[in-house]
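Reminder, nothing fancy here: chain letters follow the sequence lines and each chain counts from 1.
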Amino acid sequence: MSLNLRDLSQRSQGLAPGHRACAGCGFPTLIRMLLATSARPLVVVNATGCLEVVSTIYPYSAWPVPWMHNAFENAAATASGVQAAAVALQRRGRLDRLPKVVAIGGDGGTYDIGLQSLSGALERGTDFLYVCYNNEGYMNTGIQRSSATPQGARTTTTPVGARQLGKPQPRKDMTEIVAAHGAPYVAQASISHWGDLGKKLQKALATAGPTFLNVLTPCQPGWDYPPEQLVQIAKMAVETRYWPLYEVDRGVWRITYIPRERTPLKAFLEMQGRFRHLLDDEKVLAELQSWVDAHWERLEARARA
Amino acid sequence: MSAVLGRRVGLTGNDAVALAWRQIDPDVVAAYPITPSTQIVERFSQYVADGEVQTQFLAVESEHSAISACVGASAAGARVMTATSSQGLALMHEILYVASGLRLPIIMVVGNRALSSPINIHGDHSDTMGSRDAGWIQLYCRDVQDAYDRTILAVRIAERARLPVMVCLDGFTLTHSLEPIEAYPDEEVQEFVGEGPADGYALLGGGEPISVGPLALPDSYMEFRRALAAAMERAREVIAVETEAFNTRFGRALPAFVEKFEMDDAEEAFLLMGSYADMVRDAVARWRRARRVGMVRLVTFRPFPAEEVARALGRIRHVHVLERADTLSTLGGPLGIEIRAALYDRVVRPAVTDVVFGLGGRELTDGEIDGLLRAPGAGDRLRYLGVRQEGGCR
Ligand SMILES: Cc1ncc(C[n+]2csc(CCOP(=O)(O)OP(=O)(O)O)c2C)c(N)n1
């Protein structure tokens, strides 16, 4: 299947208009891309979070595919159950076509409370795609820190004060954690690079066994940027190498987009309110920059190996 | 195993449940081991390994994931089972409400066990009593035959009531003791349970895609919860009808709600759930020459059979509620509190003494039962039986 934007827009049944995501929210783009790129029928299992809340307020649903929500931390385990049921029902002749099961969770539901459930499903080899829409915080409950929140970011549980400047710790590297499970296809993507995202979705959906996509989906109220700058801000995360685009395809690491220039991290930070308190602090900026550089170098080394 | 079916076989409670599962051949089993219910899944995984069932078996990484996978599979239209005990059931707690709220006919066998702390692996009812308000039907078994029978029966109750069911076996007393039971031929079990859940749960139904488990705001949430309460009310009828169907099919006489012994002219009675029924029944038989004493065993705890309980205790002066859990509310155990609630509106009410016994597997002795009859303590609301050191360990 080719990835042509005009074709995609024709083919896509998309997320129905009328969902209640904020203006300038990142994940609707991701969901439309997911629904447009699948060749097989999909079943979606959604963790608790913004996506679930804005897309299915009873009696409405924005989902054109079978969709279910169980709880916050168990999307992967629930997906395991759905997948097992589909296989069982097909074997007994009660289901014609085996759907692809897709679990979707925010970074909170993936990096933190749902990590055990995801790890279990990966280890069992569940045939499903897990998509993390990563807005780097618990946005649904009012912008608290998660382990995906970058160092220095202001959240409602890592406020800025005399003794602390936002979140003290750097973010967890969830994509590497999943890759370490040996899942056959693991990738990191951003909504700003739709072609790259689409190809990764296609690959992940076509691969048997557990696959994982970590997609940067900015959050307007959480990051504090003008809504119309959604795509630019996601793009700047990639250009500054803050959010590298790469894949691990059957153990082979490959950077899928290499920014032409070395744009300083500050260019990404200054587009948003959550880092405003840091922008004059050269020491902290240098620290964050060296964290980004070190990560990029490690990634490059893996990709060369 | 199949060769010996249709006649008496010696099985532990856990093995009997595993045998029932094999005969039912569920679509999906997801479980995580915990004493004393571990062997259910061990035996069953052997059936899976031997190709005796078609089941998709998920050995997951926690009880929370086990019940989560059950919810997913059941919503997808599969017939689903799991087993657990104690801390495992406590870890599932959050998702128990999701299962009943989504009206999923999941079957869970619980080998009842005490809760930490202190950690204790032995039998009492604290675990399932902690789930009593989660919207699950709860059935308590008296012996291994009962555990086998009710596991099979639970499938029809769950699927027709559209509610999840817990089949509760006293830890060790039933899960581990070997008893002769009558097992039924595979085909008869298969015929009784039928094809699998009827349509209506099917996330994968094939028609218009549905959304399961959405957000419900104050304008609709209460209607869902009221509908769930109504389903529990209707479950009474389902339990009655299906138990009758089971009895007819397999030639048994399982009581649906309460089992009565020597209650026709009784003036005082014991009321309890679970495996101590035989022992108390023997005591009743012993004391019958001297006293008009009887026994009521509660089988179904959810939905609570208030009508049947009130009728059974109609002319009793004093009832000893023997129960293996406490609420720590200072009002006594959960069973005693509910028995009182069921009797409150009656014009004639017995005195109720709530007797908490057997926590953490502490044995109930004949002497203690006799002691209750010798010194009935009709004025006592609450007694703790067999405690060696009041105010003891700290
Ligand atoms: C067990 C449990 N703990 C806490 C919550 C409250 N809660 C709901 S959504 C959420 C945060 C979700 O964050 P994330 O997964 O990053 O998704 P987002 O809100 O960003 O979409 C929290 C803490 C919950 N629903 N369940």
request  = Look at G72(B), A30(B), S65(B) and state which one has the largest set of heavy-atom pairs under 4.5 Å with chain A.
outcome  =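 Option with the greatest count: G72(B).
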request  = Name the member of A78(B), P214(B), P26(B) that forms the most heavy-atom pairs with chain A at distances under 4.5 Å.
outcome  =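 Among the listed options, the one with the most contacts to chain A is P214(B).
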key: Structural part of V45(A) lying under 4.5 Å from a heavy atom of chain B   =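 Nothing of V45(A), per the 4.5 Å heavy-atom cut-off to chain B.
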task = Under 4.5 Å heavy-atom distance to chain B, tell me which part of L89(A) shows up: side chain, backbone, both or neither.
result =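 Side chain only.
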ask   = When you look at OH of Y60(A), are more than 12 heavy atoms from neighbouring residues, nucleotides or ligands closer to it than 6.0 Å?
value =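 Not buried by this count: 12 neighbours or fewer within 6.0 Å.
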ask   = Is it the case that more than 12 heavy atoms not belonging to D50(B) sit under 6.0 Å from its CG atom?
value =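 More than 12 heavy atoms, drawn from other residues, nucleotides or ligands, come within 6.0 Å of this atom.
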key: Pick from D96(A), N46(A), V53(A) with the largest number of heavy-atom pairs that fall under 4.5 Å of chain B   =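 Ranked by contacts with chain B, first place is V53(A).
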ask   = Which one, A86(A), P99(A), A85(A), A79(A), leads in non-hydrogen pairs under 4.5 Å with chain B?
value =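 Option with the top pair count is A85(A).
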request  = Would you sort out whether Y221(B) and Y58(A) count as a ring-ring contact (aromatic ring centres under 6.0 Å, His included), showing the intermediate values?
outcome  = CA-CA 9 Å; Y221(B) 179 83; Y58(A) 181 82; over 10 Å; no
For the residue pair [X] and [Y], establish whether any side-chain heavy-atom pair is separated by less than 4.5 Å.
| X | Y | answer |
| --- | --- | --- |
| E61(B) | L118(A) | no |
| V71(B) | M68(A) | yes |
| H69(A) | V212(B) | no |
| Q56(B) | Q83(A) | no |

Taking all non-hydrogen atoms of both residues, which atom of [X] and which atom of [Y] are closest, and how far apart?
| X | Y | value |
| --- | --- | --- |
| D25(B) | R92(A) | O-NH2, 2.8 Å |
| P209(B) | P64(A) | CG-O, 3.2 Å |
| A84(A) | L58(B) | CB-CD1, 4.0 Å |
| A71(A) | E94(B) | CB-OE2, 3.8 Å |

request  = Classify the side-chain pair S62(B)/Q116(A) by whether it contains a donor and acceptor separated by less than 3.5 Å.
outcome  = yes
Just verifying a value: how many Å separate [X] [atom1] and [Y] [atom2], rounded to the nearest 0.5 Å?
| X | Y | atom1 | atom2 | value |
| --- | --- | --- | --- | --- |
| L102(B) | N70(A) | CG | CG | 7.0 Å |
| L204(B) | R97(A) | CG | CZ | 13.0 Å |
| S211(B) | W63(A) | OG | CH2 | 8.5 Å |
| L217(B) | I57(A) | CG | CD1 | 5.5 Å |

What part of [X] gets within 4.5 angstrom of chain A, counting heavy atoms only: side chain, backbone, both, or neither?
| X | answer |
| --- | --- |
| V60(B) | both |
| S220(B) | side chain |
| A99(B) | neither |

